[in-house]
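Got a structure for you, questions after.
Numbered from 1 within each chain, the chains take letters A, B, ... in sequence-line order.
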There are 2 protein chains.
Amino acid sequence: MPTITVENYLKQIYLLQRGGELAPMGGLAVAVGVTPGTATSMVKTLADANLADYEPRAGVRLTEAGTRLALQVLRRHRLIELFLVQTLGLDWSEVHDEAEELEHAISDKVLEKIDTLLGHPDTDPHGDPIPPPTGSPRQEKLTPLNDCAPDTTAQIARVRDQEPAFLRFVDKHGLTPGTHFTVESQNPSADAITVRPHNREPVTLGLAAAGKIMVKVVE
Amino acid sequence: MPTITVENYLKQIYLLQRGGELAPMGGLAVAVGVTPGTATSMVKTLADANLADYEPRAGVRLTEAGTRLALQVLRRHRLIELFLVQTLGLDWSEVHDEAEELEHAISDKVLEKIDTLLGHPDTDPHGDPIPPPTGSPRQEKLTPLNDCAPDTTAQIARVRDQEPAFLRFVDKHGLTPGTHFTVESQNPSADAITVRPHNREPVTLGLAAAGKIMVKVVE
DNA sequence: CTCAGGACTTGACATCGATCAAACATCATA
DNA sequence: TATGATGTTTGATCGATGTCAAGTCCTGAG
């Protein structure tokens, strides 16, 4: 059984690896909230335990075993988030931090009860895919909102930020996962995009913020 | 914020103090599962933090502050147990160990949501009182089942053992908290007592086992 | 009243996960 | 190509929690 610290490293490495092959050490240190030196020595420990491959001055990559553990942690995290929102009625802006703690304490037995209670969902409140008990989560091809041309109609799929303030903003303007909307205008010079969620007032947001929102374009 | 280890020590000292003034060091070491030396040094640490008063070779007693923390831990533990049974449908024989982990990970916010969801209950599935958010739990005067004379009619109030095997036995014979029953016979020489839960077959159990079941005598 | 054995304490030390400061490597660019 | 910004590694060290073994205290049997 990995320690809480190890679980956190594995999870963060997994998330940093998305896209790139190697997770950079610097990013990892920031992600787990430790100094670079700590990250280096911990990653060496992970490598000794065959959970990761470490390439000095290049980065770190999870092994098969490490990936499996990371996905289990992610599954716990995301199921807990959904549970907190759906069953206990917490606000989606605050569940991330709660889940961060609970994901290390919950047993498989309880987790599967929750999974059943929720009807085996496949995404959490932020639209992030919930990995299945074994194997990898399915990957959908999503488009960042800032890449959407005017008049595009699409559906919000995923909000990639856990900042409570941002999440509250998103919620307030109805841009939560599942919402359909149309792009009213897109202006790179102004660094802004305006979208109109169906049945809502239009919202304008900066392209940086829009980049954190992933959408599924409606054909 | 006390560490998980400290929370466990406080909780165990609180439970050991019940009845006696001082919790014995030996019992504490066994309860938290460490060697006596570890318990001694940890208790000194607690004393330094003003959470306990330590009397060498006599025992340890919680201070006001220590008691407050211990009750919070107990409240978390017992609410979680009830939640696991009522909401997630786990068996009461297995929730103790689960709660043992979760009690250190759950936030006040989530806990109060659970409390509300459960309708502010005042006992857990084992009949143990759930301490209120602040202050002490009410103490009811209960009688151990082995002290009940034949023909006594009473109600099971509390089962003071967390052993899954014992709890399953109790459950199987319908001796769960809330059940009314009548004592059919009591035989100290045979070290046995036979009780008949209403609407159930009679059960015979040893006096030691009966001593772990607390009942409220019906006037 | 004594003293042996069990209970408890002490002190030396191990391990884990973290820190910090300083040495070091890499790379883009002036 | 030299240089500085940036990122990485090393090594000393810390605090929390634990072990173990030796020493001390207390109690009850003789």
### Task
Ignoring hydrogens and angles, tell me if any N or O in the side chain of A:T123 forms a donor-acceptor pair with the backbone of A:P129 under 3.5 Å.
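Flag not set: sc A:T123 to bb A:P129 has no pair under 3.5 Å.
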### Query
Counting heavy atoms not belonging to A:K109, are there more than 12 under 6.0 Å from its NZ?
no
### Message
From CE of B:M42 over to P of D:dA16, roughly how many Å is that when rounded to an integer?
### Response
9 Å
### Message
So, OP1 or OP2 of C:dG17: does either fall under 4.0 Å of a side-chain N or O from A:T38?
### Response
no
### Message
Looking at B:Y9, I'd like to know whether one of its side-chain N or O atoms comes within less than 4.0 Å of OP1 or OP2 on D:dA16.
### Response
no
### Query
Which of parallel (below 30°), tilted (30 to 60°) and perpendicular (above 60°) describes B:H126 and B:W92?
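Parallel: the ring planes of B:H126 and B:W92 meet at under 30°.
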#### Entry: Of residues 46-58 of chain B, the positions that come close to DNA chain C - non-hydrogen atoms, cut-off under 4.0 Å
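The stretch gives B:Y54, B:P56, B:R57 as the residues lying under 4.0 Å from the strand, ordered by number.
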### Query
Of the candidate nucleotides D:dT8, D:dT19, C:dT19, which contains the atom at the shortest distance from the side chain of A:M25?
D:dT8
### Query
Taking CG from A:L28 and P from C:dA18, how many angstroms apart are they, rounded to a whole number?
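So the two atoms are 11 Å apart, to the nearest Å.
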### Touch class at under 4.0 angstrom, heavy-atom based, for B:G26 against every strand present
sugar-phosphate
### Message
Side-chain N or O of A:T3 versus OP1/OP2 of C:dG17: is the shortest distance under 4.0 Å?
### Response
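The answer is yes; a side-chain N or O of A:T3 sits under 4.0 Å from OP1 or OP2.
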### B:R76 CZ to B:I106 CD1 distance, which is reported to the nearest 0.5 Å
8.5 Å
### Query
Short question: side chain of B:R61, backbone of B:D53 - any donor-acceptor pair under 3.5 Å?
no
### Message
Going by side-chain hydrogen bond (donor to acceptor under 3.5 Å, both in side chains), name the residues that satisfy it together with A:R78, two or more places apart in sequence or in a different chain.
### Response
none
### Query
Rounded to the Å, how far apart are A:Q12 CD and C:dG17 P?
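Spelled out: CD on A:Q12 to P on C:dG17 is 16 Å.
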#### Entry: Distance below 4.0 Å between B:T40 side-chain N/O and C:dC8 OP1 or OP2
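No, no such contact exists.
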### Message
From CG of A:L22 over to P of C:dT26, roughly how many Å is that when rounded to an integer?
### Response
15 Å
#### Entry: Under-4.0 Å side-chain N/O to phosphate OP1/OP2 contact, A:K44 with D:dT10
yes
### Task
Ignoring backbone atoms, establish whether A:T5 has a side-chain N or O less than 4.0 Å from OP1 or OP2 of C:dA18.
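Affirmative; the distance criterion is met.
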### Message
If we count only N and O atoms by modelled type, under 3.5 Å, do the side chains of A:N8 and A:H104 hold a donor and an acceptor together?
### Response
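Note: A:N8 and A:H104 side chains meet the donor-acceptor criterion.
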